[in-house]
Asks: 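Shown below is the structure under consideration.
All values reported here derive from a predicted model rather than from experimental measurement. Just so it is clear: chains get the letters A, B, ... in the order the sequence lines come, proteins before strands, and each one is counted from 1.
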Protein chains: 4
Amino acid sequence: MSSAAADDATLLDPDLAARNARKEQRRRQLLDAAARVMEREGSQAVSMQAVAAEAGVSVGLIYRYFGSKDELLLAVIVNVLEDFAVAVPAAIDAAGDDPVERLAAAFRGYCEVIDRHRHATVLTYRESKSLDEAGRERIKELEVETSRPLSRLLRDGIEAGVFRPVEPETVAYNLLLVAHAWALKHWYFERTYSFDDYVRAQLSLALHGLVQPKHRRRYARFLQE
Amino acid sequence: MSSAAADDATLLDPDLAARNARKEQRRRQLLDAAARVMEREGSQAVSMQAVAAEAGVSVGLIYRYFGSKDELLLAVIVNVLEDFAVAVPAAIDAAGDDPVERLAAAFRGYCEVIDRHRHATVLTYRESKSLDEAGRERIKELEVETSRPLSRLLRDGIEAGVFRPVEPETVAYNLLLVAHAWALKHWYFERTYSFDDYVRAQLSLALHGLVQPKHRRRYARFLQE
Amino acid sequence: MSSAAADDATLLDPDLAARNARKEQRRRQLLDAAARVMEREGSQAVSMQAVAAEAGVSVGLIYRYFGSKDELLLAVIVNVLEDFAVAVPAAIDAAGDDPVERLAAAFRGYCEVIDRHRHATVLTYRESKSLDEAGRERIKELEVETSRPLSRLLRDGIEAGVFRPVEPETVAYNLLLVAHAWALKHWYFERTYSFDDYVRAQLSLALHGLVQPKHRRRYARFLQE
Amino acid sequence: MSSAAADDATLLDPDLAARNARKEQRRRQLLDAAARVMEREGSQAVSMQAVAAEAGVSVGLIYRYFGSKDELLLAVIVNVLEDFAVAVPAAIDAAGDDPVERLAAAFRGYCEVIDRHRHATVLTYRESKSLDEAGRERIKELEVETSRPLSRLLRDGIEAGVFRPVEPETVAYNLLLVAHAWALKHWYFERTYSFDDYVRAQLSLALHGLVQPKHRRRYARFLQE
DNA sequence: TATGAATGAGACTTCATTCAT
DNA sequence: TATGAATGAAGTCTCATTCAT
């Protein structure tokens with residue numbers, strides 16, 4: 001594995017380790033700066049100049065860490081998608097064995113990640129001019145990947161007889177969409193909901209369409225609006 | 001009203017009427033050209049010169065009908081939103097009196113408009129750099145406006161006892177979102193669904209969460225996946 | 001032929017003709033400006049900004065006439081090579097029937113073109129970073145094309161028994177090289193020679209290696225140093 | 001002489017000698033790296049970072065040995081010209097006493113050096129932006145210096161009555177040019193000639209223009225094509 | 001002596017907008 | 001009303017050079 005190889009090299013050469021650490025830190029600094037610019041100026045005005053200024057470095061430096069603007073933007077997005085890959089499974093594991101509890105935890109996990117990266121999420125919805133075909137494909141792939149845990153949970157719940165026999169992929173994608181909406185339509189939903197309320201309300205709506213009548217009573221606490 | 005004023009002027013001066021008609025026709029020609037360019041090149045690459053070329057006119061001319069690129073883009077979006085304002089009520093009216101039928105017709109209406117203007121819809125999700133605060137507010141307002149018929153239908157259905165007592169605005173916005181998703185995530189859903197299947201499947205999912213148990217049997221045809 | 005087609009269109013639409021004329025004039029203006037910048041700053045410093053400034057136009061305008069810096073530089077070179085294609089055959093035709101006279105006229109013709117475009121000639125010897133593979137191939141092709149009249153004359157002279165049986169292509173390329181040298185090594189040769197002297201001296205050297213002994217007397221006027 | 005001064009210091013301080021040796025070695029390493037980069041990427045793309053990478057050292061180090069990019073490029077060229085200064089006299093000395101043999105050996109010597117440094121030769125023909133007036137003068141001077149042995153041989157041959165009474169400097173420069181052409185127009189001549197054939201053919205052409213008729217027989221082996 | 005991260009000027013290119021015709 | 005040539009600001013990216021370590 002490459003990480004093992006890296007460890008080897010790192011063990012052999014502490015200098016290299018330090019350098020890699022600094023490099024990673026810079027990457028993160030630049031990613032954060034890019035996110036902050038998006039936050040401030042709207043996700044379209046992310047000029048390299050602006051990112052450099054925000055990070056307090058020179059333009060040239062960015063190009064030591066990201067080959068192009070594409071790569072930087074892609075990295076911002078991938079960064080979010082990787083957060084999903086870590087946070088959602090963790091939330092599911094912490095939720096116990098019950099299918100509904102697990103689904104609820106997963107959905108809440110998604111929403112939390114999106115809330116953390118609200119502006120980067122919006123970025124995903126822009127077919128950036130710079131973002132090339134390959135980059136777009138990469139993002140789509142990762143997004144689908146991201147929906148995987150949800151569809152698995154749905155399938156489990158269906159098999160367990162707790163959920164109606166729905167198309168798991170479609171419902172999973174709908175849930176993703178509703179989570180995204182907290183970022184995309186934040187200006188709308190924030191009028192009515194706090195973050196917690198939003199999660200609860202949307203979960204209730206979704207579960208009402210999913211949970212079999214005979215199990216409704218058991219999950220009442222998720223089903224009240 | 002400005003339209004009344006226009007009518008007055010028109011009545012008094014037939015020349016003016018002809019001129020206005022020509023003007024409107026040009027506007028439409030340019031809007032269509034812009035939409036076609038978006039369709040072809042992706043919604044980010046809409047340069048004024050490209051629109052001019054597509055419309056077969058000069059760049060300068062565009063500026064006689066739209067004050068700026070912003071205004072043109074805004075008009076493209078407004079154009080779609082106005083299509084909703086026309087098509088959705090028409091669909092509802094044609095659907096008879098039953099709350100579920102009416103909701104189904106409305107949702108299908110939304111989806112049809114979006115399918116007609118897939119690329120313009122995506123445009124809505126891009127906060128254009130130029131699109132200024134005022135423009136963005138205008139779009140948000142119109143979008144909310146757009147959800148109004150749906151929330152009214154939901155409210156009606158709830159009062160009639162057909163739907164569960166949900167938050168009508170939230171559910172309406174979710175439905176809108178799912179309709180938008182046909183454009184936004186077209187690359188994903190087109191793998192599984194034809195347009196008709198998509199509408200039917202999403203409607204079934206939504207109604208399963210809405211229709212009261214005691215009315216399920218009656219609307220079985222909407223509820224099978 | 002495209003020129004016939006152009007004529008047709010031109011005949012039908014005098015406006016188009018005028019526009020094309022203006023366009024051609026601009027092209028020429030920009031080509032001249034580029035050549036002048038090369039003249040002044042050395043052939044490496046030809047920035048688009050500099051060309052624009054020299055031509056007294058904006059940078060953007062250049063891009064209406066040349067797709068890229070490549071294209072502009074290529075056009076400068078092609079311009080020279082086309083001058084060869086016109087001037088050299090004309091010089092040959094004007095020189096009568098004698099093989100040596102014709103060769104002398106051709107060589108002088110080459111040198112005159114080079115003297116007219118001294119700096120553009122130097123440009124040919126720079127593998128410009130921007131000039132891409134295709135452009136370089138194009139230039140090489142045209143350069144070979146350019147040597148064609150000379151090698152034909154050499155072949156004629158050999159067949160007529162006036163020249164020794166040399167490899168015509170090689171000798172032609174050598175002559176080309178010597179003509180180029182008037183530009184490339186101008187700083188050296190101008191110490192010793194005026195343009196006329198240079199041509200005469202080089203011609204004499206070349207003919208001494210070419211003309212068969214028995215014809216030496218006849219061409220004495222070309223052979224004295 | 002500066003070398004005498006160096007020797008003095010060296011005698012007094014063996015450490016200094018070692019240091020100088022290391023210094024010279026580094027210089028050579030960097031020069032070679034630069035040449036290799038030019039070879040690989042074309043003589044225009046020689047960035048300092050590329051040279052550093054090729055040499056396996058840091059960018060900063062180059063600046064301890066060469067004050068600027070100019071200086072490095074100049075050194076690459078001077079390096080070639082010094083190769084001439086060593087190799088050509090050696091070739092002449094090894095050739096015996098005959099004027100034609102000596103000239104032939106000298107010309108072959110030139111060509112061999114050029115063949116060894118084909119890309120650096122091309123570099124000479126590019127007035128580098130950075131290469132300043134002083135540097136350019138230096139190169140011109142060295143180039144003229146380089147032609148000196150040839151013109152001396154020509155003068156000798158003329159005095160000995162073997163060559164026609166030509167202008168030795170001009171003919172020497174022409175020979176230099178033809179040798180350079182092996183690099184400059186390699187793409188052309190390599191179609192027809194191997195290196196050996198090229199040297200032989202060009203030498204034959206040149207000698208045909210030089211050797212007095214009465215000596216032709218004696219040098220027949222140089223004069224056949 | 002050596003490193004290589006960091007700088008920043010400058011190059012190319014695009015495109016919204018203007019204006020003379 | 002219509003044209004389209006012209007503008008120039010702004011954006012992306014490169015690379016010679018410096019400097020703290």
Asks: Atom CG of B:Leu30 to atom P of F:dT1: distance rounded to whole Å?
Replies: 13 Å

Asks: Does B:Arg28 have more than 12 heavy atoms from other residues, nucleotides or ligands lying within 6.0 Å of its CZ?
Replies: no

Asks: Please figure out whether C:Met48 or A:Leu61 has its closest DNA chain E nucleotide nearer the 5' end.
Replies: A:Leu61

Asks: Between E:dT3 atom P and D:Arg26 atom CZ, what is the distance in whole Å?
Replies: 6 Å

Asks: To the nearest 0.5 angstrom, please state how far the OH atom of D:Tyr125 sits from the CD1 atom of D:Ile139.
Replies: 11.5 Å

Asks: Taking the nucleotide of DNA chain E with the closest heavy atom to each, which residue, B:Ser68 or C:Ser68, is nearer the 5' end?
Replies: C:Ser68

Asks: Does B:Ser58 make a side-chain N or O approach to OP1 or OP2 of F:dG4 shorter than 4.0 Å?
Replies: no

Asks: May I ask you to evaluate whether A:Arg22 reaches the phosphate of E:dG4, defined as a side-chain N or O under 4.0 Å from OP1 or OP2?
Replies: no

Asks: If you check every side-chain atom of C:Tyr65, which of F:dT17, F:dA6, F:dT1 has the closest atom?
Replies: F:dA6

Asks: Verify, without hydrogens or angle tests, whether A:Lys23 (side chain) and A:Tyr65 (backbone) share a donor-acceptor contact under 3.5 angstrom.
Replies: no

Asks: Can you name the residues that form a salt bridge (Lys or Arg N to Asp or Glu O under 4.0 Å) with D:Arg138, not counting sequence neighbours?
Replies: none

Asks: More 5' along DNA chain F: D:Gly67 or B:Gly60, using each one's nearest nucleotide?
Replies: B:Gly60

Asks: Quick one: D:Ile62 CD1 to E:dT3 C1', roughly how many Å, whole number?
Replies: 12 Å

Asks: Test B:Gln29 against every option in B:Arg26, B:Arg27, B:Gln25 by the side chain to side chain donor-acceptor pair (under 3.5 Å) rule and name the one that passes.
Replies: B:Arg26

Asks: For B:Gly56 and for D:Ser47, locate the closest nucleotide of DNA chain F by heavy-atom distance; then report the residue assigned to the nucleotide nearer the 5' terminus.
Replies: B:Gly56

Asks: Give the nucleotide from the list E:dA16, F:dT1, F:dG4 with an atom nearest to the side chain of B:Val59.
Replies: F:dG4

Asks: Reckon C:Arg19 has a side-chain N or O less than 4.0 Å from the OP1 or OP2 of F:dG4?
Replies: yes

Asks: Return yes if some donor-acceptor pair links the side-chain N/O of A:Glu54 with the main-chain N/O of A:Ala50 below 3.5 Å, else return no.
Replies: no

Asks: Atom CZ of A:Phe66 and atom P of F:dT12: how far apart are they, to the nearest Å?
Replies: 15 Å

Asks: Rounded to the nearest angstrom, tell me the gap between atom CZ in B:Arg64 and atom C1' in E:dC19.
Replies: 12 Å

Asks: What's the closest nucleotide to the side chain of A:Lys69 if the choices are E:dA2, F:dG11, F:dT3?
Replies: F:dG11

Asks: The side chain of C:Val57 is closest to which nucleotide in this list: F:dT12, F:dT7, E:dA11?
Replies: F:dT7

Asks: Can you tell me how far C1' of E:dG4 sits from NZ of A:Lys23, to the nearest Å?
Replies: 10 Å

Asks: In whole Å, I'd like the distance from the CG atom of D:Leu73 to the P atom of F:dT17.
Replies: 11 Å

Asks: For DNA chain F, report each stem as range with range, ordered by first number, or say none. Use Watson-Crick or G-U wobble pairs under 3.5 Å, at least 3 in a row.
Replies: E:2-21 with F:2-21

Asks: Using only heavy-atom distances, decide whether a donor-acceptor pair under 3.5 angstrom links the side-chain of D:Gln49 to the base of F:dA16.
Replies: yes

Asks: To check you understand the geometry: which heavy-atom pair defines the closest contact between B:Ala75 and B:Phe66, and what is its length?
Replies: CB-CE2, 3.6 Å

Asks: What is the distance from OH of C:Tyr63 to P of F:dG8, rounded to the nearest Å?
Replies: 16 Å

Asks: Taking atom CG of C:Leu73 and atom CG of C:Leu31, what is their separation to the nearest 0.5 Å?
Replies: 10.0 Å

